[in-house]
Amino acid sequence: GFNSMFARVKGCLRVRTMASLKLGDLARIGIPIGGKPANLVLPEELEPPTPAAPPPAPKVPAPKEKKGAAASAAVSSPSGAGGSSGGGGGASSSKAPAEKKKFGFLQEIVDADLAKGGRTADRVGKKGDVIRTRFPPEPNGYLHIGHAKSIIVNFGLAKAYDGRCHLRFDDTNPTTEETEYVDSIKEDVRWLGFDWGEHLYFASDYFDQLYEWAEYLIKEGKAYVDSQPPEEMKKNRGSVSVPGVDSRFRTRSIEENLKLFREMRDGKYKEGEHILRMKGDMKSSNMNMRDMPIYRIMHKSHHRTGDKWCIYPLYDFAHGQEDSIEGITHSICTLEFDAHRELYDWFVANLPIEKPPKQFEMSRLNVTTFLTSKRKLLKLVKSKVVDGWDDPRMSTLCGMRRRGVTPQALQNFILKLGVTKQIAVTDVAVLEDCIREDLDPVVPRRMVVINPLKVTIEDYDAGKTEEVDAANHPSNPDMGSRKIKFSNVIYIEQEDFREDAPDSFFRLKPGGEVKLRYSYIIKCKEVVKDSAGKVIELKCTHDPSSRDSMPTDRKVKGVIHWVSEKYAYTATVRLYDALLKPEADAANLAAVAAAEAGEGGPAEGTPEEEEETEVTDDFLKQVNPQSLVEMKNAKFEESLGASKPFDRFQFERNGLFVVDKYSPAGGPLIFNRIIGLRESGLKKEENVASAARSRKDEQAKQAAEKEAKKKLNPKDMFRSQTDLYSKFDDDGVPTHSADGEPLPKSRVKKLKQEWDKQKKIYEP
C-alpha cells in the first residue's frame, strides 16, 4: 500500500545519501520508472483528529467577492477555444460526464462531495460555480513542467464540473518575488489554453485580513511571539525521532504577545529578532505541528504593497486562509504537502471561518532529464549556463514553448499519465512520443542536411537544373507538394557515407549505390580526402532511368535525403540533449522523490529554510557539456529561407524542428530541434546489427576482465582504494575508513566476504 511504499523510501534514504542514489535505487524501493504509472486502489484516507472548535467569536468579514464573479468566464476549453461562462456550459450536474473522467480519484472525491448529503452538495446548480479550485504559484521564478500538471488538473477539474478555477499568486515572500514572474506565469497559463476570467488574486490582497486573524489566534491563546535565536529554535524543534522542546517564551501572556506582535508590525525589531508561532504540540510526531511559524520580520519592499508591511505571513499560515477567503471547495496540492494537511486543518478550525476548505494531495510530475528545482534553474540562468529562462534546454514552460512543444502535446502527456497518489518517475520517452503524435500529422516535410558532405555527380550535365516533385506530407495528400531543384552537385549527411562499411550498412559506401529521395540512384566511384585524411567529397555517377522508380534488375535498399548545392539555403541548426549528466539526473530524481515522500528537509518557510537550500557552484559541474550542439553550416531546401519564428517542420530522417523565436529578422534563421524521430526501416536493421557487434565486444571485454581478476591477489584488492580506506588487517581487509575512523563490524564482514570470493578464483 501507499504507506508501506513511503516506508521503503524512508528506509532507503536513511542509509544512502541523495547524491549516491541512482534510478535503479528508485525502482528497488518501489518507485516506478518508465511509462504510465499504475493506479493504486487506496484505502480510505485516515483523517487527523478534528481539532476542538474555537470558542464563539465575532466573525471577521472576508473581502467582498468581485461583482459578477459567480457567472464569469472562469475556465476556457483546454484547446483555448472559448467555452461557457463556467467552462462547462449547460445545466450543472453533481457528477462529471463519463467521457470526462480524466482526473482519477479527485473526481471520485468531487462526486461524493456533490452527492446528496455531501460536503458541497448545496453548490449543485450554481452555474459556472459548482466547485472552486485554484492554481497558486509563488511568483519567484518561471513555471516548469511540474506546474503544468497542477494547471491542467485544477483548471480542467473545474471545467469538468462547470466550476471555476482561480489564479492566485502566493506573494508572501518579498525577497524573491518580481512582477516579471507574475507576467510570465499569466502567459504560461494562457498558453496552456486556460483563462481565470475575473478571478485573479494575490495573497497580498489579504494581508490586512491575515494580520487580523493572527491577532485573533494570539487573543485565543493559540499563538505566541518567540524570541529564541534561529539556532536555538532549530535545535529545540527536535527531529523525526527526537521530540521537540517548548520555547522558554511560550508562556508569555496574551497582552505581552499582542504588544510584541504589534511592535513587530510597526518596525521596531530587526529581522530574526522575533517570530510569531502557532501553539501546536512540540512532541507531535508530525514536525509541522511543532509550533510552526506564522509571521516573520522582513524589512523588504513588496512588489505590490511597497513598504506598508515589514512582517509577512508564512505559506503554511497563508495557504488555507487564502482558500477560505476565496471560498475554495477543493484545494489540490502535491504529496509533499500531505504532512502539512493537519496544520492546514488546525488553522481553519481555530479561526472564525464558516465553511472551511479541504486539502487533497496528488502525486507530482517527475520526468527523467527534467530539472524542476526553481533554485537550480535560477542558478543556471544567473551563471549564464543557459541563455535565459526560456532556453530550450530548460524544463520551464516558456523553454518548452521556444523548443517547439505545443500545449496540446503537454496536455495529452499529463492526461495520459493520469492523476494518482503514486510516487513515480516517468521516462522522458513517454513525453517525446506525445510530442511526435501531436506534430507528426500536421507538420510539413522538408529536406535539410545538417552535417553536409559534398557529392559531385560526374555524369550529370553541370549546366542542367531539374525540378522534382516532393510531397509535403506522405500520409496527407491534402497538404500538397512542392518543387525541389536538382543539379550535379548536392549535399548529403556525413553519416550517410561510410568508407569501411559492414554489409549491414545500406547507405552510401565505395562502389555502393543509394537512392536519393525523390530523385536518382547514385553510385560512389571515388572518395576525395583532405591532407588530414578527412573525407571532403564523393565523386559519383547516376542511373538516369531511376528518378521515378526503383530498378528491377538489382536491389537498392538505402534511401537518403539531399540538398542541391546551387540552391541551398545555409542556416544554423541547434541540437538539444538532456541538460544534466545522466548520473546527476538520477540523483536529482532521487531527491525529488524523497521530498515527495516526506524526507525532503525543512518545511517551506521555516527559519532554517534559507540556509539549507543554497545552490553552490558545484551544481554547475553536473551540466551536460553536450546539451547544446550548434551546426552553423546546415544546408536547407531553398524555400525554408522564408520561414517565420515558431514555424514547425519535420526534417526528413532528422527530426522535428522549429524556427527559433529569436531568429534575426533578416536571417540567417536558427532552427531548434524539438525532438528526434523514431528509428524505422533500414536504420533499425543497421542498429540491430551494430548492437550485435557491441554485444560481442562487451562479451570479449568481460572475458578479459575475468581473466585479469584471476591474477589479482586478494591481499592487494583493497589496498589501492586509499580514497576509501586507511588501515588493513594482515590479509588486506580494510579496518578503518579514509578519515581514520574504525569501520562498522557489518561493513568489515561484507568486505571479508568479498575477499573470500576473490581468494577462491585467484590463480597465482
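Note that the structure is predicted; figures quoted are calculated from it, not measured. Numbers here are sequence positions counted from 1.
- At a threshold of 4.5 Å between non-hydrogen side-chain atoms, the residues Lys379 and Arg375 do not count as touching.
- Using a 3.5 Å distance cut-off with no hydrogens or angles, the side chains of Asp438 and Gln408 do not pair a donor with an acceptor.
- Panel note: side chain Lys149, backbone Ser363; a donor-acceptor pair is recorded below 3.5 Å.
- Aromatic ring centres of Phe135 and Phe155 lie farther apart than the 6.0 Å criterion allows.
- Between Arg168 and Glu326, at least one side-chain N (NZ, or NE/NH1/NH2) sits under 4.0 Å from a carboxylate O, which counts as a salt bridge.
- Aromatic pair His144/Phe370: centroids not less than 6.0 angstrom apart.
- A heavy-atom distance below 4.5 Å is found between the side chains of Met292 and Arg237.
- Checked by atom type and distance alone, the side chain of Arg123 pairs as donor or acceptor with a backbone atom of Asp129 at under 3.5 Å.
- Ring orientation note: the planes of His319 and Tyr344 are nearly perpendicular, at an angle over 60° on the 30°/60° scale.
- A donor-acceptor contact shorter than 3.5 Å is absent between the side chain of Tyr206 and the backbone of Ala318.
- The closest side-chain heavy-atom distance from Glu322 to Phe317 is not below 4.5 Å.
- Among the candidates Thr179, Val182, Asp205, the single residue satisfying the side chain to side chain contact (heavy atoms under 4.5 Å, CB included) test with Arg304 is Asp205.
- The list of salt bridge (Lys or Arg N to Asp or Glu O under 4.0 Å) pairs with a residue in residues 394-411, not counting sequence neighbours, reads Glu187-Arg401, Asp188-Arg401, Asp387-Arg402, Asp390-Arg402, Arg402-Asp660.
- Under the ring-ring contact (aromatic ring centres under 6.0 Å, His included) criterion, His166 pairs with His199, Tyr201, not counting sequence neighbours.
- Residues Asp162 and Lys127 meet the side-chain proximity criterion, which asks for heavy atoms closer than 4.5 Å.
- Residues meeting the side chain to side chain contact (heavy atoms under 4.5 Å, CB included) test with Val348, sequence neighbours left out: Gln321, Ser324, Ile353, Pro356, Pro357.
- In this structure, Thr420 contributes its side chain and Gln422 its backbone to a donor-acceptor pair below 3.5 Å.
- Side-chain contact check for Asp111 versus Tyr161: some heavy-atom pair is nearer than 4.5 Å.
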As a quick check of understanding, evaluate side chain to side chain donor-acceptor pair (under 3.5 Å) for Glu336 and Thr334, giving each step before the final call. CA-CA 6 Å; Glu336 61 266 39; Thr334 43; 3.1 Å; yes

Derivation of the side chain to side chain contact (heavy atoms under 4.5 Å, CB included) call for Asn173 and Met298: CA-CA 9 Å; Asn173 185 354; Met298 300 182 78; 3.2 Å; yes

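- Contact annotation: the side chain of Tyr181 never approaches that of Leu143 to less than 4.5 Å [non-hydrogen atoms, C-beta and beyond].
- Taking 4.0 Å as the cut-off between side-chain N and carboxylate O, Asp323 and Lys355 do not count as a salt-bridged pair.
- Two residues are said to be in side-chain contact when any heavy atoms from C-beta on lie closer than 4.5 Å; Tyr315 and Phe337 meet this criterion.
- Considering all non-hydrogen atoms of both residues, Leu192 and Gln411 come closest at O-NE2, 2.7 Å.
- Taking the side chain as every heavy atom from C-beta outward, Asp113 and Val110 never approach each other to under 4.5 Å.
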